[in-house]
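The structure under discussion appears below in the form of structure tokens.
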Protein chains: 2
Amino acid sequence: MSGFALVDIHERKCYDWLNVQLEGRAGDLLSSKPPTMREVADLAGVSVQTVSHVVNETGSIAAATRERVAQIIERVNYRPNLIARSMRTRETGLIGILVLDITSPVLSLIASEVEGVAYARGHKVLLYDARHDARLLRELLEQFAEQLVDGLIVVNAIDRGSTLPWLKASTIPTVLVDCLPNPTLASVAMDNERGAYLATEHLIELGHGRIAHISGDLTLEVARQRVLGYRRALTDHGLQANERVISPDSDRWDYRSGYVAMQELLARPPMPSAVFIAADQMAIGAQHALVEVGLKVPDDVSLVGFDDIDAASYAWPPLTTIRQPLTEIAARAFDLLSELLSGTVDPVKAQITLQPELVVRGSTRRIS
Amino acid sequence: MSGFALVDIHERKCYDWLNVQLEGRAGDLLSSKPPTMREVADLAGVSVQTVSHVVNETGSIAAATRERVAQIIERVNYRPNLIARSMRTRETGLIGILVLDITSPVLSLIASEVEGVAYARGHKVLLYDARHDARLLRELLEQFAEQLVDGLIVVNAIDRGSTLPWLKASTIPTVLVDCLPNPTLASVAMDNERGAYLATEHLIELGHGRIAHISGDLTLEVARQRVLGYRRALTDHGLQANERVISPDSDRWDYRSGYVAMQELLARPPMPSAVFIAADQMAIGAQHALVEVGLKVPDDVSLVGFDDIDAASYAWPPLTTIRQPLTEIAARAFDLLSELLSGTVDPVKAQITLQPELVVRGSTRRIS
DNA sequence: CTGAAAGCGCTTACAG
DNA sequence: CTGAAAGCGCTTACAG
């Protein structure tokens, strides 16, 4: 037991941290209001427009003046007021990302990746979360996105109801990611039908003849495209009579909905030997339902998911799935928005489709 | 095989959706600029301040006038410009939520829950994602949060470096969630030490004597508190000689870091019979490392996680863990912020601590 | 190279 | 009950 309590480098690091005191001094300024351009100008003995010019590096300012103003700015820690500036310039320098549900691992990852590119390119981003609520979505679009942001990236959120026509009529440059493909709005999307086709075909090639599909929320175009791909693969291999689609009882693509859907499938024999499931989280939930009744993956039933989220690799067995190139989706979306903002591209022509990829892991097996 | 392709209600629902056409008419207005209050006033034959009064329901306006103005507003779909309004009133009506990393399931869930309460109470929210980047965090705070938002809820993000003193010096009402407890800033936090204590004690009561701890990112106070709780439980039961802490090689509390940490533990025998892991995702990753080398949970080693995220219930075996009351955390945080905004509470007195709860599931077992 | 003027779209006193 | 005036903090022409 003596060797057991050994302190390795990690433990040492730990102790160091435990002793760290993060107190910090109070701020230098105790002013209750942030300084204004007027104050900087007075302090520097110049006019506000001179300050404005040095802040924005516009106009021509004498080096000495510039220097003096810069020092004051530094000293009082002046920052131009974005609201006032955008009131004049009619732009905020911000881009907005609106997601259907920030709680979804794939949507939050796309959002985060878009932020990554945006920051790398010197833009700032605001996140809007519609929380699956159509009314909220609409409000966000109308009241905030339109007024606060120069451009908008809408992730997975425009599919139902009246938001699409609204967006079309709106003047704010918008790119749709993972939404209803729409010929009049710039968009980047995955070839969902292809992904579903690849998943299903993989199962067919493994010898499976009875393949069911647990779909995503069918009010969303991406979910409908995935059932189309599944169906087409079946048809191409003469298996259309075996088609069987279970759609979940909720609009979340989460563990629970996959779990419940699989329970439904189990309740109505015969059981298929393989199931293609429209999302990885759902697939993991579905597997849970299987394991609960003593069925093993892939021994008793093969499973293929969709998305390739982190959890897929760490499930046991690791989940065979369809990888969405999220990083590329994000980069393309941002680039498209930049082009829209600079007017160098026509939205109608800006339709990007990215290809998914089959990742074979341990949840699928060949049957005889 | 005939019964196999049966069409149940779900399938029917699916077909319906597949046939749906979401075309939508173009918007009624093709104006390139949103209407201004000036335009509404002219159309209604009144002054802008009259329009302002009917929009804000201030002052006293003749019923007939109000009606006429309201109709114009409706007709041209006028919406007051938030930027202009906030320029005058010095407030935006928005609250900001700043999270360390929106990609984390627990942080995004807290954010989403806070949004839920905020919307229920008629507020709108903006999300800021620091992406684990201290510089970005600082920029967000200084340039955006301070100017765009009336109040701020900071989730898990203030712990290191210079942001804490900045926040103290700042005038924006702020509540800290899951951060370094700080006596001068309002905060709501979990009793992390207690949670860790409960987890460890549970293992001890099950007969485990050699219990290791895989910690979270120790630059974060919450992680340090959890090792403290683990340590105290050991000490209280005379097991302090068996203390063993492995800290991850990254600042993400993700699957991979738990996986890597467990591999480290495996590489340096003797193996403990139980491991308390600072986050559920890490626990699932850790289990993966175990299973890979043929060790079973809970037969060979018991695991307890922390957080009780969705994935915990759907892991196999279901993960024993410490539940964080996220919904309550969110509600308390928002309420605190409201009180701060209305000035009815003193930040120094506003320190809320919530209690965690042990959830026993299948990943822990009694040993002899 | 620098400053006086005008205005972005609102709201808040204040007259009438 | 309604409107003229002033101003929130900036930037953009335009003089000098």
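We use all heavy atoms of the structure for the numbers below, so side chains are in, but hydrogens, waters and symmetry mates are not. Note that the structure is predicted; figures quoted are calculated from it, not measured.
Contact between the side-chain N/O atoms of A:T65 and the OP1/OP2 oxygens of C:dC1 is not found at any separation under 4.0 Å. For D:dG9, the OP1/OP2 oxygens have a side-chain nitrogen or oxygen of B:R90 closer than 4.0 Å. A:Y78 has a side-chain polar atom (N or O) that falls below the 4.0 Å cut-off from OP1 or OP2 of D:dC10. For B:R85 and C:dG9, the shortest distance from a side-chain N or O to OP1 or OP2 is not below 4.0 Å. Neither OP1 nor OP2 of C:dT11 sits under 4.0 Å from any side-chain N or O of B:T89. Phosphate proximity of D:dC10 to A:T36: present, with a side-chain N or O under 4.0 Å from OP1 or OP2. Between A:N81 and the phosphate of D:dC8, there is no side-chain N or O to OP1/OP2 separation shorter than 4.0 Å. A sub-4.0 Å separation between OP1 or OP2 of D:dC10 and a side-chain N or O of A:S52 is absent.
Under 4.0 Å is where a charged nitrogen must lie from a carboxylate oxygen, and between A:R332 and A:D335 no such pair does. Taking the charged nitrogens against the carboxylate oxygens, B:E91 and B:R85 have no contact shorter than 4.0 Å, which rules out a salt bridge.
Partner of A:Y128 under the side-chain contact (heavy atoms from CB on, under 4.5 Å) criterion, out of A:V155, A:I102, A:V154, A:V149: A:V149 alone.
The CZ atom of B:R88 sits 6 Å away from the C1' atom of D:dC8 (whole-angstrom rounding). The interatomic distance linking A:M87 (CE) with D:dG7 (C1') rounds to 10 Å, in whole Å. Across the protein-nucleic acid pair, A:Q49 atom CD and D:dC10 atom C1' stand 10 Å apart, rounded to whole Å. Atom pair B:L148:CG and D:dG9:P shows a separation of 16 Å (rounding to whole Å applied). Straight-line distance from the CG atom of A:L82 to the C1' atom of C:dC8: 15 Å, rounded to whole Å. The nearest whole Å value for the distance from the CZ atom in B:R38 to the P atom in D:dA4 is 9 Å. Between the C1' atom of D:dG9 and the CZ atom of A:R79 lies a distance of 16 Å, rounded to the nearest Å. Straight-line distance from the CD1 atom of B:I83 to the P atom of D:dG7: 23 Å, rounded to whole Å.
Pair assignment for C:dA4: none, as no Watson-Crick or G-U wobble contacts are both less than 3.5 Å. The partner of D:dA13 is absent, by the rule that a Watson-Crick or G-U pair needs both atom distances under 3.5 Å.
Position along DNA chain D of the nearest nucleotide to A:N56 versus B:A84 favours B:A84 as the more 5'-ward residue.
The minimum heavy-atom distance between A:V46 and A:V69, with the atom names listed, is CG2-CG2, 4.0 Å. When all heavy atoms of A:L107 and A:V99 are compared, the pair lying nearest together is O-CG1, 4.3 Å.
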